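Numbered from 1 within each chain, the chains take letters A, B, ... in sequence-line order. Values below: all heavy atoms of this structure, side chains included; hydrogens, waters and symmetry mates excluded. Note that the structure is predicted; figures quoted are calculated from it, not measured.
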Amino acid sequence: MIKSPPQKYIPKEFEEKIQKFWTENNIFKKSVILRKGCKPYVFLEGPPTANGLPHPGHVLTRVMKDLILRYHAMNGYYIERKAGWDTHGLPVEIEVEKKIGLKDKQAVEDYGIKKFNEKCRKSVFKYEAAWVSITDRIGFWLDMSNPYITLKNEYIESVWWSLKQAWEKKLLYHGHKVVPYCPRCGTALSAHEIAQGYKTVEEPSIFVKFKLKKEDAYFLAWTTTPWTLISNAALAVHPDETYIKVRYNGQTLIFAEERAAVLLKGQEYELLDGFSGKKLENVEYEPLFNYYKPDKKAWYVICADFVTMDDGTGIVHIAPAFGEDDYNVGKKYELPVIQLVKLDGTFKDEVTLWKGQFVKDADPNIIKHLEERGLVEGVKEYVHEYPFCWRCDSPLLYYAMESWFIAMSKVQESLIKNNDQIKWYPKHLQQGRFGDFIRDVKDWALSRNRYWGTPLPIWTCTNKTCRHRICVGSIDELKSLSDNFTDDYDLHKPFVDELIVRCPKCQSEMKREKEVIDCWYDSGSAFFAQWHYPFENKEKFKENFPVDFISEALDQTRGWFYSLLAISTFLFDENPYKNVLTLGLVLDKDNQKMSKSKKNYVDPNIILDHEGADALRWYLISANAPWVSTRFYEGAVKDTFGKFILTLWNSYNFFTTYASLDKFDPKKDIIPLKSRQFLDKWVLSRFNKTITEVRKYVKTFEIHKASRAIESFVVEDFSNWYLRRSRKRLWVEEKTDDKLSGYSTMYDVFLGLSKVLAPFIPFITETIYLNLRTDDMSESVHLCDYLEPNEKQVDEKLEEGMERIRTLVEIGRALRSKIGIKVKYPLNSATLVCGKDIEDSIKDLLDLLNEEINVKHISFARDTSQFMTKMAKPNYSSLGPKFKDKAKIILGKIESWDKIELYEELMKNKEIVIELDTEKIKLTKDDFETIEKEKEHVAFAEVEDMTLFLDTVLTPELEAEGFAREMVRRIQSMRKELDLDVEDKITTEVKVDPDRKKALQQWEEYIKGETRSKKITFVEKPTGRLVKKWTIDKLVAEIGIDK
RNA sequence: GGGCCCGUAGCUUAGGUUGGUUGGAGCACCCGGCUGAUAACCGGGAGGUCAAGAGUUCAAAUCUCUUCGGGCCCA
């Protein structure tokens, strides 16, 4: 039996109750088991790290994932929802370093790597409880009891296996990478570390001359880091830019034409020659210094796209040891990496002039030296951003460090091909940000000189004559190679480094490369490593590859989305996921990124407590397209709660209040559809069309459109029109068929809505469903099938008619407001001018219009002539294309005509002639539009194809009736003031002036009925429990009522 | 420095692919109405240089370019 729930909806209380219901009845588990054996929809969870607290962005991704998964589950797919945790990486180490007060890597090693990593292992799950709690609280159904965890031996083993595949395909190699490096701390810094250390500094920059080998001319280059000139290996030009040779100040210089204006401003010079950068390629020059004897060809011109014309000379000095661009282009041209700086940032002994000096301090001396040699064309102070170490404030050096790489550039074509197989939402990312990235893919710098991570499984033989290298691909392999492998192994450092591994070639001891790997590689392996593939679950992996759906925020594009594709491409040459939904960032009220330091961070828990998970979910889902950034603040969620969640609840509450009063039984009292009212059929038609829309939009992840379609149905169609128009049907005492027809429809809609909305707002829908379900239905709405639209219930013609009626009501009310006659006062007649088809479409629904705008009779007419005067005005979209630039002058001429005359002339002659200079221009009917003005005692309003006329004459009879309704309203409000029950009878005493008394007496029965008055008496001094004086249209009336 | 996305009323936004007379809506505000859904509802009003500038066109929120602002990613 349908119960009447409490009036007030307190989100936290209600949602906790549902949570309890789910837990106690194992609903989540049942929802998975229910679909076992069905077609799978494979989801892969992007593993968060529980090293920090979840923030609003995580809430958004979790809500969106949950919605998509619930939707597919209800549509009959089998979905495993395995949780995952990302557990390695620098942020974890830094957190631990801070906690135990370790300043640098040396301090970590002194502290002991074993102890340190144990701390990391614990730290990683520091906030697990907070994660689990918020995941539950927002209703994200995820199997957190059996997650994949990147630090587990099994997981690491799978990762190792994949690295060995790369090794065997010759994709894993040892090379250099230029990284920002702190010479004092002796460590490379990661991107986010340098981000916090940028400072604006003013430093000398110099223009340096490099003499050509075969010609008495100089290349002019510019640098902000004079100390790198010692390690110069080449000069770079842009292949497509123009370079010039000029005679200036008694010497011949070569540089970019575009820079000449700035460099030689106001100077005299002679232009000798001009050529493209490409022409300069391979031209050799004399090295500035001879501290280095290159083993490869050096000191010649190369071409590079990164050379800009924004500053400098258009010729860039290249030192592969000290710049990433330099290093990469150096590799392309096989330039030597000239490394004359020690790891402590001082020059090596070979640099005789400055040996032992810190490079930055040597800058002035180097400049002086070059000036003395006549090789400096100018020095200027240059202001720019330069990175400093956030720990010790030393200037950082870009330094080529040894590193392990995966040669992604070798599989670039496959990357592109596999990316093309993926469906990206939004689409532009595929060829845009992501496509650009992989078309310009760099080798993946895999190794990290750190402690807490998956160890790089590469061992090198210590025997200098052997030097054999192996990549270990499994635990068994490692076991067989080592002498001291124990059963309580842990594949992290220091265990792996303490193993005594024998070289398979020479039996000498091998040593592991000391690095760990990038933790992006860990998470990017999730699609196979979560199954411990290929050591276990081979079948399972096959079934779950490629994954159907992943979704994370935009910042993961080149993070996880890339690492998955990269690994899957070189392992299997296939795309790892079919659909990827990229979500926009969650920003604060002022469009700023949320961060704890800015203190603009909104704690989702506060909102969950006040507005609840449903309101939070609905806001995040409906506010914006998923891929657009969303502002997040409590006020916004509060609005959502009031507008949508409460409207839904109030509507539902209205229905259940009456349905339970009448003991409506869905098993017995349902009226068949064909016997229901037009209004009922209409709302069901709208509902079914809404389902179609929702299904269409969810398919393309246009979730905002899906939710807006539902919201509009619930608020506009169902609540504000259907229920409002149905209220009176429920007020009759008896169980009429009409009333049951209304109940049946409301029941259908609410039960339906609970299913349609279940993936979106799982809590309130469950509350509604549990109350409405009969015992032959599933025990939870989340075990139901999603709704398919019932085409038979869609009635386009009825919808069209209702749309017209609603439009007419709207313009009718506006019209009454305009003419100043309240809706309470009935009017005699309304006439609707429209076509026959429109008349047919609305004639069954006229009662609704009648009541809403309160007129006695509505009639139809085919034309407006009896009410209107016609006029003509120019039609811009016809005149524009016809007369182009003359249109404006013609319009000017037409404006001076009287509009009524214009119309009559047009009707009479079928054309209007306009004289334009010597030309006569003929305008036809198509060049005009007709407008109309109403006659006396008539008010009108029009929309597209209908015009509504009201007879504005208010007769004494009509006024009396209106006055009676005014009285009824007053008495009703007095009843309410006394807090009377709907059923209570009253006696009423009234004092009005004699004229009004007469008028009211005609409506006595009506007033009695409406106000449940046993009798009404007209007295001089009304008495009763409540007596009030009212002023109605300037007339005073006194009313007393008594129970 | 490079790439991509975004900018419409005080706030949240629709429209933009296909240029066309007056750029829709909700919240908040003001006026009026309604009153057994009341944290509601209905009608009206005020509020917009569609970020700015330029171009294409008879006609630009819409197409193109530039600038500014915000965001993300990569340097």
So, do [X] and [Y] sit near enough that their side-chain heavy atoms are less than 4.5 Å apart?
X       : Y      : answer
A:W649  : A:F14  : yes
A:K1028 : A:S973 : no
A:V855  : A:L950 : yes

Between [N] atom [atom2] and [X] atom [atom1], what is the distance in whole Å?
X      : N     : atom1 : atom2 : value
A:F434 : B:C72 : CZ    : C1'   : 15 Å
A:E552 : B:C73 : CD    : C1'   : 16 Å
A:W222 : B:G1  : CH2   : P     : 12 Å
A:I853 : B:C42 : CD1   : P     : 17 Å
A:K705 : B:U13 : NZ    : C1'   : 13 Å
A:L808 : B:C42 : CG    : C1'   : 16 Å
A:F437 : B:C72 : CZ    : P     : 18 Å
A:Y562 : B:C72 : OH    : C1'   : 19 Å

Would you list the atom pairs, donor with acceptor, under 3.5 Å between side chains in residues 636-647 of chain A and any protein atom, with sequence neighbours excluded?
residue: A:T640; atom: OG1; partner: A:A636; partner atom: O; Å: 3.1
residue: A:T647; atom: OG1; partner: A:K643; partner atom: O; Å: 2.4

Both A:V715 and A:N624 contact RNA chain B. Taking the nearest nucleotide for each, which residue is further toward the 5' end? A:N624
For A:Y619 and A:K442, take the nucleotide of RNA chain B holding the closest heavy atom to each; which residue's nucleotide lies nearer the 5' end?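 Counting from the 5' end, the first nearest nucleotide belongs to A:Y619.
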Rounding to the closest angstrom, what is the interatomic distance between [N] and [M] at atom [atom1]?
N     : M     : atom1 : result
B:U64 : B:G16 : C1'   : 15 Å
B:C42 : B:A28 : P     : 12 Å
B:A61 : B:A52 : P     : 11 Å
B:U35 : B:C29 : C1'   : 23 Å
B:U62 : B:G20 : P     : 11 Å
B:C11 : B:G7  : P     : 15 Å
B:U57 : B:G19 : P     : 16 Å
B:U17 : B:U21 : P     : 14 Å

Given a 3.5 Å cut-off on both pairing distances, which stems involving RNA chain B, each at least three consecutive Watson-Crick or G-U pairs, are present, if any? B:1-7 with B:68-74, B:10-13 with B:24-27, B:29-33 with B:41-45, B:51-55 with B:63-67
Identify whether the distance between the nearest side-chain nitrogen and carboxylate oxygen of [X] and [Y] falls below 4.0 Å.
X      : Y      : answer
A:R725 : A:E851 : yes
A:R724 : A:E852 : yes
A:R806 : A:E810 : no
A:D436 : A:R439 : yes

Pairs under 3.5 angstrom, nitrogen or oxygen only, protein versus nucleotides 3-7 of chain B, please.
residue: B:G3; atom: O2'; partner: A:D436; partner atom: OD2; Å: 3.0
residue: B:G3; atom: N2; partner: A:R433; partner atom: NE; Å: 3.4
residue: B:G3; atom: N2; partner: A:R433; partner atom: NH2; Å: 3.0
residue: B:C4; atom: O2; partner: A:R433; partner atom: NH2; Å: 3.3

For A:R708, salt bridge (charged side-chain N to carboxylate O under 4.0 Å, His left out) partners two or more places apart: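 Once residues adjacent in sequence are excluded, A:R708 has no partner under the salt bridge (charged side-chain N to carboxylate O under 4.0 Å, His left out) criterion.
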Sequence-distant partners of [X], side-chain hydrogen bond (donor to acceptor under 3.5 Å, both in side chains), two or more places apart:
X      : value
A:R727 : none
A:D443 : A:Y173, A:S409
A:N720 : none
A:W222 : A:S205

Nucleotide N/O to protein N/O under 3.5 Å, stretch nucleotides 37-40 of chain B:
residue: B:A37; atom: OP1; partner: A:R727; partner atom: NH2; Å: 3.4
residue: B:A37; atom: N7; partner: A:R727; partner atom: NH1; Å: 3.2
residue: B:A37; atom: N6; partner: A:S719; partner atom: O; Å: 2.5
residue: B:A37; atom: N1; partner: A:S719; partner atom: OG; Å: 2.4
residue: B:U38; atom: OP1; partner: A:Q7; partner atom: OE1; Å: 3.4

Does A:E810 reach a base, just sugar-phosphate, or nothing at all? Heavy atoms under 4.0 Å.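 Counting heavy atoms under 4.0 Å across all strands, the contact made by A:E810 is with sugar-phosphate only.
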Please identify each residue that fulfils ring pair (Phe, Tyr, Trp, His ring centres under 6.0 Å) with A:Y619, with sequence neighbours left out.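 Listed in chain order: nothing, the list is empty.
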Please tabulate the protein-to-nucleotide N/O contacts below 3.5 Å involving nucleotides 25-31 of chain B, giving atom names and distances.
none

So, under a plain 3.5 Å distance rule, would you say the side chain of A:R975 forms a donor-acceptor pair with the base of B:G36?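 Side chain to base: pair present.
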Under the salt bridge (Lys or Arg N to Asp or Glu O under 4.0 Å) definition, can you give me all pairs with a residue in residues 620-629 of chain A, not counting sequence neighbours?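 Output for this query is empty, none listed.
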